[in-house]
Amino acid sequence: MSDLPAFSPHLLVPTMNLRSRPSLLRRFGLFVALAATVLAQPPATPPSAAPAASTEDYVKAHYTKYEYRIPMRDGKRLFTSVYVPKDTAQPWPILMDRTPYSVGPYGEDQYKKNLGPSDEFEKAGYIFAYQDVRGRYLSEGDFVEMRPHLDVKKSPQDTDDSSDTYDTIEFLLKHVPNHNGKVGIWGISYPGFYTSASIIDSHPALKAASPQAPMTDLFKGDDAYHNGAFKLAANFGFYTGFKPMIEPSTPPKVTVPFDMGTPNGYEFYLNTGATINLDKNYLKDGNWLFHDQLTHTTYDDYWKARDLSAHLNKITCAVLTVGGWFDAEDLAGPFRTFHSIAEKNPGTVNQIALGPWVHGGWARSDGDRLGDISFNAKTAEHFRKDIQFPFFEFHLKGKGKGLATATVFETGTNVWRSYETWPPAAAKPQTLYLRAGGKLSFEAPADSEAADAYVSDPAHPVPFTSYITDTVPQRYMIDDQRFAAQRADLLVFQTDPLEESLTIAGPISPKLFVATSGTDSDFVVKLIDVYPNDYPDPPPAVAADGKRVLGPPPIRMGGYQQLLRAEPFRAKFRSSWERPEPMTPGKMEKISFEMPDVNHTFRRGHRIMVQVQSSWFPLVDRNPQTFTDIPNAKPEDFKNATEQVFRSKTAASGVEVLVLPQP
């Protein structure tokens, strides 16, 4: 690499005269500042009262911004914005964020409104480095979806996100003054993937990393596929905006969101027919990113190369993985990342923090409630101040003390717990068995032959929400399921009211014995907390006049069926993710799979419920219930199927949970 002088203006990247490319709707986009409005009227406050400084003013007052094109070992240059504290009385650690969603605003006079993972960081003093990854915005090179890691690099042309991070850190250490020689990195969602990928073969100066909701294995439980079923609405919605970029460019000034032509996503996706029509009719075969996700329907080499958990080796920095119990996008990634690092890097500081949050909710909300459910505490604020900030302060500045291996929020009781292992060593497996009469019990059935059945109609799939929506509402992960329990095309099993509270901690493992009249089917399993009928209601938004409800319908918490965890399973993958096999009509088969972890207490007086159904639309794509290539299914392939779930002594269907002893 060339020996470039520190902070030379010749390293700055010009951002003018660059052609704009189509807009990106991003999960964690970065927004340009709004211009201030000049008021014609005199100020209401006395002239002596100074207005409060904006967050952007604070950043400008305390940091100086520099922009670089940092050369990689293959000659490509990655655009990087660096914010350096004006206070030079002490050296500062460097904290990085690598993203495909733009490091804007661009231009050395254009400042971010906030720096770092939370307000605590910019006040405490860090050098912040934001980088556009390869092929995105102002960085050179080709963008590759979840770029596969190269375990063996034979030449400078063999690059990945680990090598790009290594080269970036080398550059920053040489050219940014007043650093303390320690580097950290963090990121949420796709930047969470880049954080995980960046710490493989860790640079010696990299001391702390926090992959948050990291995309880890898109086929096995993260954004794309869940047990063989395609996450339809979320993926199409995302890729209508996230598109390939042909050349380096800044974000467009105006973005135009995709218009379904209806506020009813259920209607839109149902009328689309086969999912390949989304690619052909709406994206016009113009977004290979979506096409690849849609058409790689088995666990082939495309997905295997992108399973980052298989490559998390030689990690020497401390790691704090973060996840949300109600993350609708990357719920499996944090667990897969945490366990892989533990397995492959014994001795590395490896910690996990889990709270009652949606995707990235710990970064931007109070975290005190979700949907109708209150957690009785500002959990996200607690995470930012008392978990995330101390982690980086300890490992990058030597301040404070370390964290427990697992810091998790227990829903139901709404308390924080600390464990030295995850799942907790004291949690032991027990099975909730499906029983006659819609009962659910820890006692195994004794019937010699028994089964329940329902008819699944792909023309009328079970919706995943009770309300009209054209997106994937984050709250669906915890929504009331009474609307579904009333349908005839699913099964419902529940315990008697619990005489004592019961706490589960760890993964949920359905084990079902099933049969279908078709040649393929989905089986969606839901684990639900049913509230007592006398559970108090929250105050109504508009006071009711007796039975005259004139405002929004009141929330009735008595009998509320709070979703805790749910996952689909596509039956043709019961034996292999690589080689799907048709079901034989009427033949009983066993399907077993694992749903992401929970830490929840069912309180005394509550019931535990399990629902089983064969569609969950349009959250996941419809199974035609015919063994076929589903994206290209023909109208005649979509057929009704009678689904059976067995619950006999020799075919005891149930859901295994890990139960903690009560204190």
Side-chain angles (χ1 to χ4, degrees), residues 213 221-222 226-227 321-339 352-359 361-362 367 369-371 373-375 379 383 406-419 421-432 440 442 474-481 493-495 498 501-511 524-531 560-569 592-603 606-612 654-662:
D222 284 327
H226 284 219
N227 300 303
T321 303
V322 180
W325 293 129
F326 307 113
D327 188 334
E329 297 170 52
D330 296 300
L331 179 57
F335 300 108
R336 194 177 297 275
T337 298
F338 172 74
H339 291 304
I352 190 167
L354 302 158
W357 309 308
V358 300
H359 191 63
W362 52 89
R369 67 179 305 108
L370 176 58
I373 307 302
S374 173
F375 305 120
T379 64
F383 165 78
T407 305
V408 301
F409 188 82
E410 182 180 286
T411 54
T413 52
N414 294 335
V415 296
W416 285 97
R417 307 286 190 192
S418 295
Y419 299 102
T421 62
W422 184 262
K428 303 302 179 184
Q430 295 187 37
T431 299
L432 287 159
L440 188 67
F442 284 112
Q474 300 278 292
R475 60 169 291 167
Y476 94 85
M477 295 283 289
I478 203 169
D479 265 348
D480 188 359
Q481 299 299 300
F493 303 87
Q494 64 178 339
T495 65
L498 297 177
S501 295
L502 183 137
T503 302
I504 58 176
I508 311 298
S509 303
K511 304 176 189 301
V524 180
V525 177
K526 300 176 183 175
L527 182 68
I528 296 164
D529 184 343
V530 182
Y531 288 35
Y560 196 96
Q561 296 177 9
Q562 178 191 334
L563 184 63
L564 294 176
R565 189 64 72 239
E567 288 289 333
F569 185 89
S592 299
F593 59 103
E594 185 175 283
M595 304 197 292
D597 304 33
V598 300
N599 186 17
H600 181 78
T601 294
F602 298 89
R603 306 303 297 272
H606 290 227
R607 299 172 186 256
I608 306 173
M609 176 181 285
V610 169
Q611 293 181 4
V612 181
V655 176
E656 183 182 278
V657 295
L658 296 179
V659 178
L660 278 172
Q662 289 300 304

For [X] and [Y], indicate whether the former's side chain and the latter's backbone hold a donor-acceptor pair under 3.5 Å.
X	Y	value
D327	V358	no
T495	I608	yes
T503	L660	no

Using 0.5 Å steps for rounding, measure from the [atom1] atom of [X] to the [atom2] atom of [Y].
X	Y	atom1	atom2	value
K526	R565	NZ	CZ	14.0 Å
E594	N227	CD	CG	9.5 Å
D480	R475	CG	CZ	9.0 Å
Q562	T411	CD	OG1	6.5 Å
D597	F338	CG	CZ	10.0 Å
Q481	Q611	CD	CD	5.5 Å

Ring-plane angle category for W422 and Y419, please: parallel below 30°, perpendicular beyond 60°, tilted otherwise. tilted

Are F442 and L432 close enough, and set up right, to give a side-chain contact (heavy atoms from CB on, under 4.5 Å), and what steps lead you there? CA-CA 5 Å; F442 284 112; L432 287 159; 3.4 Å; yes

Between E329 and Q474, does a side-chain contact (heavy atoms from CB on, under 4.5 Å) hold up when you go through it step by step? CA-CA 9 Å; E329 297 170 52; Q474 300 278 292; 3.6 Å; yes

Taking all heavy atoms of [X] and all of [Y], pick out the closest pair and write down the distance.
X	Y	value
W325	L354	CH2-CD1, 3.5 Å
G333	D222	N-OD1, 2.9 Å
G323	P334	CA-CG, 3.8 Å
S501	R603	OG-CA, 3.5 Å
G221	H226	O-NE2, 2.9 Å
Y476	A328	CE2-CB, 3.6 Å

Report the residues that fulfil ring pair (Phe, Tyr, Trp, His ring centres under 6.0 Å) with Y531, sequence neighbours left out, ordered by chain and then residue number. Y535, Y560, H606

Does any part of the side chain of [Y], heavy atoms only, come nearer than 4.5 Å to the side chain of [X], both counted from C-beta?
X	Y	result
S509	S592	no
W416	V408	no
L440	M609	no
E567	P510	no
H600	L527	no
N414	F409	yes
L564	F602	yes
L563	F326	no

Run V659 and K428 through side-chain contact (heavy atoms from CB on, under 4.5 Å) and show every step you take. CA-CA 5 Å; V659 178; K428 303 302 179 184; 5.9 Å; no

Kindly write out the residues that satisfy salt bridge (charged side-chain N to carboxylate O under 4.0 Å, His left out) with E410, not counting sequence neighbours, or none if the list is empty. R417

Given D330 and H359, is the side-chain contact (heavy atoms from CB on, under 4.5 Å) satisfied, shown in steps? CA-CA 7 Å; D330 296 300; H359 191 63; 3.1 Å; yes

